[in-house]
Enquirer: 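Take this structure, written in structure tokens, and hold onto it; I'll ask about it next.
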Amino acid sequence: MTPTQASTPDGLTALRQRYRLERERRVRPDGTRQYRDAETEFGYYAADPYAGEPAARDPLRDTVDVAVVGGGFGGILAGARMRQQGVARVRIVEKGGDFGGTWYWNRYPGVHCDIESHVYLPMLDETGYVPEWKYAPGEEIRRHAVRVARQFDLYPDALFSTAVTSLTWDEESGTWIVATDRGDAFRATYVVTATGTLSEPKLPGIPGIEDFTGHTFHTSRWDYAYTGGTADGGMSGLSHKRVGIVGTGATGVQVIPLLAEDAGHVYVFQRTPSTVDVRANRRTTARDVGADREGWARERRENYLRIVSGETAEQDLVADRWTTSAGLLEKLLPSFRRQGDRTAFEAAYEKADAAKMNELRARVEQTVTDPETADRLKPWYRYACKRPTFSDRYYPAFNRDNVTLVDTADTHGIERVTENGVVVGDTAYELDCLIFATGFSVGTSGVLSGKLPVHGRGGVPLLHAWGRQGPRTLHGFTSNGFPNLILMGSLQNASSVNYTHILDEQAVHAAALVAAAEAGGALIEPSRESEDAWIAALAEDAPDHEWFHAECTPGYYNREGRGRPNGPFAYPHGACAFHDLLRRWREESMDEILRTRTPARP
Ligand code: NDP
């Protein structure tokens, strides 16, 4: 039997049946409630392994032009674009000890970005930096964040190791009062929230998780003091240790090969296997990417966005497994439509999907020598039910004698943690170290999770103002009753796998709003009518995701099997069309959001 035959159930009906069974094995009644918040319940921000104890400083009571909450790429880009508009005082407030956001906290061994670095790293044209690898290591990305922040002079006013605890609009002065956990209560004429989508680590609510007496941490707080080594490996502290790792998502897939090289023994506790496609990382030169031409990075980034947004492009400049599989990602995009003859379209789509998944399952068989292990590593669901991952080192790691794959699907994950290790089925695994690669509360940080209370006109809390009907915004950025507050994120906005591109377009927009308000001595505040019109526009063409996600194995894409709600959550025509819409609106209609200040600003 050829590998492809071996991984292909007989026909699409059998495949559908197999997918259903695999989903049913994993759906849990507690859905998203199975997780626990690492910040509030386990104090994950209390200790910053990279910054140490923050230096004492006096609380601030001054006034700045723009306060930005969050110093990841969203906040840095907001700051940089504000500078380009001539804004003098921009204060970025960041929980971590430096800029970088995700790339500040996630320094685990093997950390890379699997989106091509030449399109992922923002402001390459502006900084003149050309990445060294097709897929950059985390440290190169973190340094680039610092590079952009330095170039745009964002350090002098920045507050690190500081969390914003509330934002309160002061009607009298027409400013926001920004309170922090370091006792600050400074004022800002404008506030931009850029609190990220992967900033709140989560841990599984496994019974006994607090009882483990060995060493334990989440991958976003890698403890090199314990493991030794660096993000490149060399973890001598693990050489005689029994290490368990929970989670085989994009993070697990990057970490596990390095753990396998360094640890005494690695137990990989898998619940759902990821799709692991070809990575083919390589060094690149400026010539490879045409970096001698002005605007090369912008052009490449636009080209990538077009392709992964399901639009046509003359050329595929990046040409990797994201772009060549982009057709299969369309179902995740708000712009996805069942076109023409629905039945024929869906049938063709399903066939293409099955071919891709068979190719990925065959990849496991071709690499992993033990047939039982290979079988457990095969993903049985439609492409992109789970976030696709890419690695050429992951499957070979399972051919090592010191790596054991423990399948936990039948028990819906690890059943119990004990003092000495973990229990799955009838087997207790004794461990010295237990690492959680269990991800984040995706898309719900800061303002949206309610952890950052925002009080607008009349002291009304933002989430209260939105009420049961859900968020009300114009373009996802601004809300009536919350003047000069600009939200960054994917809510009622657009999204893409290349999220830094999305953030940059948002930063450009935010800075243009501020510049227009400054020029007109006005406040930024949409009318209720313009919010209604935006929500109606989103709802009119809201995509039907339900049919796809309802059949997917559980994960954060489908709220752990409960399905992704349909509705006006994102711009339905995709990121490129959204960016065009914003550009046109800035040129033709921006005045609609500017309100007269009463009293006028002194
Ligand atoms: P994920 O949420 O994607 O994965 C969490 C993993 O933990 C899953 O494999 C999950 O299994 C498993 N898990 C959770 N609870 C249990 C349990 N009780 N028992 C056993 N297993 C359990 O987190 P990641 O950190 O891997 O990735 C988060 C996101 O970060 C990615 O989706 C991606 O957007 C981003 N990322 C991007 C990278 C890049 O290169 N661009 C690199 C790394 C991350 P199950 O699937 O069954 O729920």
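Atoms within a ligand are numbered from 1 in the order they appear, just like the ligands themselves.
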Enquirer: Using a heavy-atom cut-off of under 4.0 Å, does the side chain or the backbone of Ala250 touch ligand 1, or both, or neither?
Expert: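 Near ligand 1, Ala250 shows its backbone as well as its side chain.
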Enquirer: At less than 4.0 angstrom from any non-hydrogen atom of Asp114, what atoms of ligand 1 do you find?
Expert: 39 (C), 40 (O), 41 (N)
Enquirer: Just checking, is any N or O donor in the side chain of Glu551 or Tyr19 under 3.5 Å from an acceptor N or O on the other one?
Expert: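 Result is no, nothing qualifies.
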Enquirer: When you check the side-chain N and O atoms of Trp222 and Thr227, is any donor under 3.5 Å from an acceptor?
Expert: yes
Enquirer: Between Asn493 and Ser490, do the side chains contain an N or O donor and an N or O acceptor separated by less than 3.5 Å?
Expert: no
Enquirer: Quick check: His112 and ligand 1, any N/O pair under 3.5 Å apart?
Expert: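 Yes, there is a polar N/O contact under 3.5 Å.
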Enquirer: Would you say the side-chain atoms of Asn303 and Arg300 include a donor-acceptor pair closer than 3.5 Å?
Expert: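 Absent: no donor and acceptor within the cut-off.
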Enquirer: Does Tyr120 come within less than 4.0 Å of ligand 1, judged by its heavy atoms?
Expert: no
Enquirer: Can a donor-acceptor pair be found between the side chains of Arg147 and His144 at a distance below 3.5 Å?
Expert: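 A donor-acceptor contact under 3.5 Å links the two side chains.
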Enquirer: Just which atoms of ligand 1 are under 4.0 Å from any heavy atom in Gly247?
Expert: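 Going through ligand 1 atom by atom, the ones under 4.0 Å from Gly247 are 6 (C), 7 (O), 9 (O), 12 (C).
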Enquirer: If the plane angle is over 60° it's perpendicular, under 30° parallel, otherwise tilted; pick one for Phe578 and Tyr571.
Expert: tilted
Enquirer: With atoms numbered from 1 as shown, which atoms in ligand 1 lie under 4.0 angstrom from a non-hydrogen atom of Ile414?
Expert: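 Every atom of ligand 1 under 4.0 Å from some heavy atom of Ile414: 19 (N).
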Enquirer: Which is closest to atom 15 (N) of ligand 1 in terms of heavy atoms, His218, Arg271, Arg279, Lys202?
Expert: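 Going through His218, Arg271, Arg279, Lys202 one by one, Arg271 has the nearest heavy atom to atom 15 (N) of ligand 1.
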Enquirer: Which ligand 1 atoms, with their elements, are less than 4.0 angstrom from a heavy-atom of Lys386?
Expert: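 Once the distances to Lys386 are compared, the set is 45 (P), 46 (O), 48 (O).
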Enquirer: Which of the atoms in ligand 1, numbered in the order shown and given with their element, are less than 4.0 Å from a heavy-atom of Val246?
Expert: 19 (N), 20 (C), 21 (N), 22 (C)
Enquirer: Side chain, backbone, both or neither: which applies to Ser274 and ligand 1 if a contact is any heavy-atom pair less than 4.0 Å apart?
Expert: neither
Enquirer: Could you pull out, from Glu415, Gln270, Arg387, Arg25, the option with a heavy atom nearest to atom 34 (O) of ligand 1?
Expert: Arg387
Enquirer: Just let me know how Gln254 lines up against ligand 1, side chain, backbone, both or neither, with a heavy-atom cut-off below 4.0 Å.
Expert: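 Gln254 to ligand 1: side-chain contact only, backbone stays beyond 4.0 Å.
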Enquirer: If we only count N/O pairs under 3.5 Å, is Arg26 in contact with ligand 1?
Expert: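 In this structure, Arg26 places no N or O atom under 3.5 Å from an N or O of ligand 1.
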Enquirer: So if I count the atoms of ligand 1 from 1 in the order they appear, which ones are less than 4.0 Å from some heavy atom of Pro204?
Expert: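 Counting atoms of ligand 1 from 1, those under 4.0 Å from Pro204 are 15 (N), 18 (N).
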Enquirer: Looking at ligand 1, does Gly555 have a heavy atom less than 4.0 Å from it?
Expert: no
Enquirer: Out of Asp407, Val417, Thr272, Thr553, who gets a non-hydrogen atom closest to atom 47 (O) of ligand 1?
Expert: Thr272
Enquirer: Does a side chain donor of either Ser220 or Asn106 reach within less than 3.5 Å of an acceptor in the other side chain?
Expert: no
Enquirer: So, are Glu132 and Arg283 salt-bridged, with charged N and O less than 4.0 Å apart?
Expert: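 Salt bridge flag = yes for Arg283 with Glu132.
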Enquirer: Do any nitrogen or oxygen atoms of His412 come within less than 3.5 Å of a nitrogen or oxygen of ligand 1?
Expert: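 It does not: no N or O of His412 is found under 3.5 Å from an N or O of ligand 1.
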Enquirer: Are Arg361 and Glu365 within salt-bridge range, i.e. N to O under 4.0 Å?
Expert: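 Salt bridge between Arg361 and Glu365, a charged N being under 4.0 Å from a carboxylate O: no.
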Enquirer: For ligand 1, does Tyr108 get within less than 4.0 Å through its side chain, its backbone, both, or neither, judged by non-hydrogen atoms?
Expert: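 Looking at Tyr108 and ligand 1, just side chain atoms fall under 4.0 Å.
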Enquirer: Any salt bridge between Arg387 and Asp114, counting N to O under 4.0 Å?
Expert: yes
Enquirer: Verify whether one side chain among Tyr50 and Asp98 offers a donor that lies under 3.5 Å from an acceptor in the other.
Expert: no
Enquirer: Which atoms of ligand 1 are found less than 4.0 Å from any heavy atom of Cys113?
Expert: 40 (O), 41 (N)
Enquirer: Go through ligand 1 atom by atom and flag the ones less than 4.0 Å from a non-hydrogen atom of Phe440.
Expert: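 Going through ligand 1 atom by atom, the ones under 4.0 Å from Phe440 are 25 (O).
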Enquirer: For residues Leu203 and Thr438, report the shortest heavy-atom separation together with the two atoms involved.
Expert: CA-OG1, 3.9 Å
